[in-house]
Amino acid sequence: MIACVGGGSNAIGIFSGFADLPVRLVGVEPAGGAAVGRGVPGVVHGMRSYLMQDEYGQVQEAHSISAGLDYPGVGPEHSMLAETGRATYVSVTDNEAVEAFRRTCRLEGIIPALESSHALAHVYRTASALPKDGIVLVNLSGRGDKDMATVAERDARPT
Ligand SMILES: Cc1ncc(COP(=O)(O)O)c(C=O)c1O
């Protein structure tokens with residue numbers, strides 16, 4: 001079960017139905033906002049969880065091409081799932097997410113949100129190593145119509 005993780009709501013919603021089953025749970029964070037992957041315990045919005053903060057406890061800015069993942073904290077359930085090892089958390093760069101967005105448009109004829117494209121990017125980079133009869137469920141948290149201009153603008157930029 002793979003889902004993108006910003007604040008963590010779509011991922012925890014889908015993980016909760018599978019937590020008691022023998023299913024691997026994978027959360028995919030943006031490389032520039034990996035609160036679980038790069039954060040440390042801290043308090044924000046009244047909750048103690050993993051948080052991107054500096055040595056003085058000041059919250060650091062997150063950076064992601066997807067506005068919905070541009071958040072320096074994460075819901076505390078994810079911190080618990082990470083600490084107990086029940087779920088694993090990986091990160092995906094903006095470029096990988098955009099590539100997964102394009103690839104899914106081409107292959108499936110659907111436009112995934114750039115947020116969801118982070119989860120898809122992790123599938124694309126790991127699928128070949130999975131057992132052939134394995135089943136991967138990806139939570140498509142939203143549509144990417146809203147992201148077309150962002151991707152088109154990025155395509156137009158000289159490399
Ligand atoms: C389409 C979509 N997916 C995912 C997210 C990330 O949020 P969360 O991790 O809380 O599900 C957002 C946030 O705005 C979003 O718009």
Would you say the side-chain atoms of D94 pair up with the backbone N or O of S64, donor to acceptor, closer than 3.5 Å? no
Does atom CE of M148 have more than 12 heavy-atom neighbours from other groups under 6.0 Å away? no
Verdict with supporting geometry, H63 and L69, side-chain contact (heavy atoms from CB on, under 4.5 Å): CA-CA 8 Å; H63 295 283; L69 301 186; over 6 Å; no
Just wondering, more than 12 heavy atoms not from D20 lying within 6.0 Å of its CG? no
In Å and rounded to the nearest 0.5 Å, what is the CZ to OG distance from R102 to S117? 10.5 Å
Minimal heavy-atom distance between D70 and A62, with the atoms involved, is OD1-O, 2.7 Å
Can any side-chain N or O of E29 pair as donor or acceptor with the backbone N or O of G37 at less than 3.5 Å? yes
Closest contact, heavy atoms only, G142 versus S116: N-OG, 3.3 Å
Are the side chains of I111 and R143 in contact, using a 4.5 Å heavy-atom criterion? no
Is it true that a side-chain atom of N139 and a backbone atom of S141 form a donor plus acceptor pair closer than 3.5 Å? no
Gap separating the CD1 atom of I135 from the CG atom of L130, nearest 0.5 angstrom: 12.0 Å
Quick check: is F101 connected to I110 through a chain of hydrophobic side chains (ILVMFWY, heavy atoms under 4.5 Å apart)? no
Can you see which heavy atom on S79 is nearest to which on S49, and at what distance? OG-OG, 2.7 Å
Looking at R48 and P41, what are the two nearest heavy atoms and their distance? NH2-CB, 3.8 Å
Side chain H78, main chain G8, donor-acceptor under 3.5 Å: yes
Consider only side-chain heavy atoms of I, L, V, M, F, W and Y, link residues closer than 4.5 Å, and tell whether Y71 and V28 are in one cluster. no
Is the shortest side-chain N to carboxylate O distance from K146 to E115 below 4.0 Å? yes
Can a donor-acceptor pair be found, under 3.5 Å and without considering hydrogens, that links the side chain of D147 to the backbone of T150? no
Find the distance between CD1 (I2) and NE2 (H122) and round it off to the nearest 0.5 Å. 5.0 Å
Does M52 share a hydrophobic cluster with V44, counting links as ILVMFWY side-chain heavy atoms below 4.5 Å and allowing steps through other members? no
Hydrophobic cluster (4.5 angstrom, side-chain heavy atoms) - remaining members for Y50: M1, V5, I12, I14, F15, F18, L21, V23, L25, V36, V74, M80, L81, Y89, L137
Are the side chains of P76 and M47 in contact, using a 4.5 Å heavy-atom criterion? yes
Tell me whether the count of non-hydrogen atoms from other residues, nucleotides or ligands lying under 6.0 Å of CG in L107 goes above 12. yes
Would you find a donor on one side and an acceptor on the other, under 3.5 Å apart, between the side chain of H118 and the backbone of L114? yes
Roughly how far, to the nearest 0.5 Å, is the CZ atom of R38 from the CG atom of L51? 12.0 Å
So, E96 side chain and T93 main chain: donor-acceptor pair closer than 3.5 Å or not? yes
With a 6.0 Å cut-off (strictly less than), is the heavy-atom count around CZ of R125, excluding the residue itself, greater than 12? yes
Output yes when a side-chain donor or acceptor of N10 lies under 3.5 Å from a complementary backbone atom of C4, and no otherwise. yes
